[in-house]
Every structure is written in C-alpha cells, then in structure tokens.
Amino acid sequence: MILTVLLGLMAAALIGVGFMAQQHAAYTEPLGEILQVRLLLHLMRKRLWLFGIGTMAGGQVLGALALQRAGVAQVEPLLATNLIFALAVSAVVYQEWLGRAEWLGAVLVSGGVAAFLASARPHGGRVPPPLSMTWIAVVAVLAVTAGLVVVALHTGIKTRAMLLAAAAGVLYGLQDALTRGSLLTLEHGVQALAASWPPYALPVVAVVGILLNQSAFDAAPLRISLPAATAAEPITGIVLGVAIFREHLRVDVHALAGAVGGLVALVAGIVILGRSPFLAKSDSGRPGEEGR
C-alpha cells in the first residue's frame, strides 16, 4: 500500500509538471488550430512541449506501475493531486509564497483523497473477458466524451476550454482503466494480451486525449483548462474500476458518507486551486490574447 501511494504521488508530480510545460507551449498557438492534428504537429517542434510530454509520459509509467499493484479506484485519487504539484512548481518558478487559498485547496484535495481511500477502502478487481458486457461502460464513456466535444464547439472560448479539458480528463480516466485491464491480462501471458482489444485501443485513446487536452490548453490558461481535466479523470476512473473490474468499495452508511465527502472535498479543492493567481500567470503577455 505504501509503495502504491508513493508511486501514485510521484506520478502525479510528473504529470502536474508536464501539464504546466505543455500549456505554456500550447497557449501561444492560434485558436484556429483547436482540435486540429496540425496543432500537435506544430507543438512537436517546441522543446518545452516535448519536455512536458516526456515528463507526463514518465508520470504515466509510474502510474502504470501503481495500477499494476492496485485497482483503478485506489490509484485515481492519488493522480488527482497533480494540480498541487503544478502549483508548487509555479511557486518555485515565480519565487512567490503560496497564499491561504492555495493551502486550503491543497488541504481539501489531499484530505479528500485520504478520506475517500480510508472510507471506501477500494480493493480487489479482476479483468473481465474481452467480450464481457461490462466493457459497455467504455462505450458510455466515449459517448460522454463526444457529447462534451460537440457542446464545446458551440460555446465561448473559456467554456470551450473547460469542456474540452473535461473530455480529455474523461479519456484519461478511460486510459487508466485500459492500462489496468492490459496489465491484468498480461499476467496470463503475452498471447492473452495480444488476443485482447484493450492494448490496441489504449494508444488511440491516449492520442485523442492529448489532442483534446492541448486544444484546451491552446484555448485558455491553466486556471480554466486544467481543473476540469483533473476533476474528470478520477471520477471516471473510479466509476470504470467498479463497473468494469468489479473493484469493491465499502458501501455501509458511514463508509459511503466518508467516500462521498472525500470526493466532494477533492473536487472543491481542485476548484479552489484552479482559481489560484499562479495558474493565471501563464496568460500574461501572450500574443493574440485580446481575442481570447
């Protein structure tokens, strides 16, 4: 358990730093490139963005190691702390002290994670057969993602950024579930993994998630784009962990109250951290900012 927590927190730290670097690079791209493949092609020429992607990839590897040891419902809340690490890095970069709001948000996020894990005590889980009806949850997640994107295309730029980030967060939660499924299948051998479909769907989901996230980063600064993704990923992952892998959560009255309270505190903390002026610094002095 301790090693799983450490791996999850280290993964969150790398992912948070990676998100910051990606947004600083993506925000300078033209708004016309939102949801366009050429946005990724242009970003691939920027060292800062490549650093951000590499750092996030390192976080994903650590997250996979955590998912190898524990279920999605146990690891996802840990990954949601990436916003805390992003703010901590911002404070170091700008050489400023975090304010009361940032500390309150950090306490709510970390306390919410602790409350959920202590109350729900997620455990167990097994990989379902490749054609099991439980995988229908993947279709539901894809439908939610598509719905968020469609609505985003008909809204203002800030709302569009939040909705695209939320869609990316939903896909990141699905990505974690597919990673967990692939790792569980691998325990039965390489042939079993090759005969299943999740490992083939995983890179497609990852690339689409990156495109949605970079489009959100292009549209608005971190204070608008990142919190939505950070909140959507753990909720999606927890739901998929229970629906697909049959991971067990305590559901008695006290445990349910603690788990729900923990998730509410987690989301509230994410919202508070998202309003931090440290995340607003990235939108100062950007070219074409008057059109945003």
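Remember, predicted model here, so these are calculated numbers, not experimental data.
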- Query: Could you state the interatomic distance from NE2 (His42) to CD (Gln36), rounded to the nearest 0.5 Å?
  - Reply: 10.5 Å
- Indicate yes or no: at least one non-hydrogen side-chain atom of Leu40 is less than 4.5 angstrom from one of Trp49. yes
- Are more than 12 heavy atoms from other residues, nucleotides or ligands located less than 6.0 Å from atom CH2 of Trp103? no
- Task: Calculate, to the nearest 0.5 Å, the distance between atoms OG1 and CG belonging to Thr145 and Leu163 respectively.
- Result: 12.0 Å
- Query: Per the side-chain contact (heavy atoms from CB on, under 4.5 Å) rule, which among Leu202, Thr179, Val208, Val138 passes with Leu174?
  - Reply: Val138
- Query: Hey, quick one: are Leu41 and Ile53 part of the same hydrophobic cluster, counting side-chain heavy atoms closer than 4.5 Å, chains of contacts allowed?
  - Reply: yes
- Decide side-chain contact (heavy atoms from CB on, under 4.5 Å) for Leu78 and Leu117; before the verdict, give the C-alpha distance in whole Å, the side-chain angles of both, and the deciding distance to 0.1 Å. CA-CA 9 Å; Leu78 298 171; Leu117 294 179; 4.1 Å; yes
- Message: How close do Glu247 and Val242 get, counting heavy atoms only, and between which atoms?
- Response: O-CG2, 3.8 Å
- Have a look at Leu48 and tell me which of Gln22, Gln23, His24 forms a side-chain contact (heavy atoms from CB on, under 4.5 Å) with it. His24
- Message: What I'd like to find out is whether the side chain of Val75 reaches to under 4.5 Å of the side chain of Asp176, using heavy atoms alone.
- Response: no
- Would you mind reporting whether Phe217 and Leu164 have side-chain heavy atoms less than 4.5 Å apart? no
- Note: Leu79 and Ala11 closest approach over all heavy atoms is CD2-CB, 3.7 Å
- Message: Working to the nearest 0.5 angstrom, can you tell me the gap between Arg180 CZ and Gln68 CD?
- Response: 9.0 Å
- Item | Smallest separation among heavy atoms of Pro77 and Val72, with atom names | CD-O, 4.4 Å
- Item | ILVMFWY network linking Phe245 to Val239, side-chain heavy atoms under 4.5 angstrom | no
- Query: Which atom names give the shortest non-hydrogen contact between Ala219 and Ala161, and what distance separates them?
  - Reply: CB-CB, 3.8 Å
- Donor-acceptor under 3.5 Å (Glu29 side chain, Asp218 main chain): no
- Task: Give a yes or no on whether Leu263 and Val109 share a hydrophobic cluster (residues Ile, Leu, Val, Met, Phe, Trp, Tyr; joining criterion: side-chain heavy atoms under 4.5 Å apart).
- Result: yes
- Message: For Met162 and Thr155: C-alpha separation, side-chain torsions, deciding distance, then whether side-chain contact (heavy atoms from CB on, under 4.5 Å) applies.
- Response: CA-CA 10 Å; Met162 287 189 290; Thr155 59; over 6 Å; no
- To the nearest 0.5 Å, what is the distance between CG (Leu266) and CD1 (Ile235)? 7.5 Å
- Message: Is the shortest side-chain heavy-atom distance between Gln60 and Gln175 below 4.5 Å?
- Response: yes
- Message: Contact between Arg246 and Thr134 at the side-chain level, heavy atoms closer than 4.5 Å - yes or no?
- Response: yes
- Message: Given 3.5 Å as the limit, does a donor-acceptor pair link the side chain of Tyr172 with the main chain of Pro234, or not?
- Response: no
- Query: Would you say the side chain of Asn82 lies within less than 4.5 Å of the side chain of Phe19, judging by non-hydrogen atoms?
  - Reply: yes
- Query: Below 4.5 Å, heavy atoms only, C-beta onward: do Phe116 and Ile238 meet side chain to side chain?
  - Reply: yes
- To the nearest 0.5 angstrom, please state how far the CG atom of Leu186 sits from the OG atom of Ser196. 9.5 Å
- Are Leu193 and Val205 grouped together when hydrophobic residues (ILVMFWY) are joined by side-chain heavy atoms under 4.5 angstrom apart? no
- Hey, are the side chains of Leu14 and Phe85 touching, using non-hydrogen atoms and a 4.5 Å cut-off? no
- Between Ala243 and Ala137, the two heavy atoms sitting closest are CB-CB, 4.3 Å
- Between His248 and His123, what is the ring plane arrangement, given parallel below 30°, perpendicular above 60°, and tilted in between? tilted
- Query: Does one hydrophobic cluster hold both Leu108 and Val264, with members joined at side-chain heavy-atom distances below 4.5 Å?
  - Reply: no
- Query: How far apart are the closest heavy atoms of Ala115 and Gly262, and which atoms are they?
  - Reply: CB-CA, 3.9 Å
- Query: What's the verdict on side-chain contact (heavy atoms from CB on, under 4.5 Å) for Leu7 and Met10, showing C-alpha distance, side-chain angles and the deciding distance?
  - Reply: CA-CA 5 Å; Leu7 287 171; Met10 288 190 295; 4.0 Å; yes
- With rounding to the nearest 0.5 Å, note down the distance linking CD1 in Ile34 to CG in Leu212. 11.0 Å
- Task: Carefully, step by step, assess Val149 and Leu35 under the rule side-chain contact (heavy atoms from CB on, under 4.5 Å).
- Result: CA-CA 9 Å; Val149 173; Leu35 296 180; 4.1 Å; yes
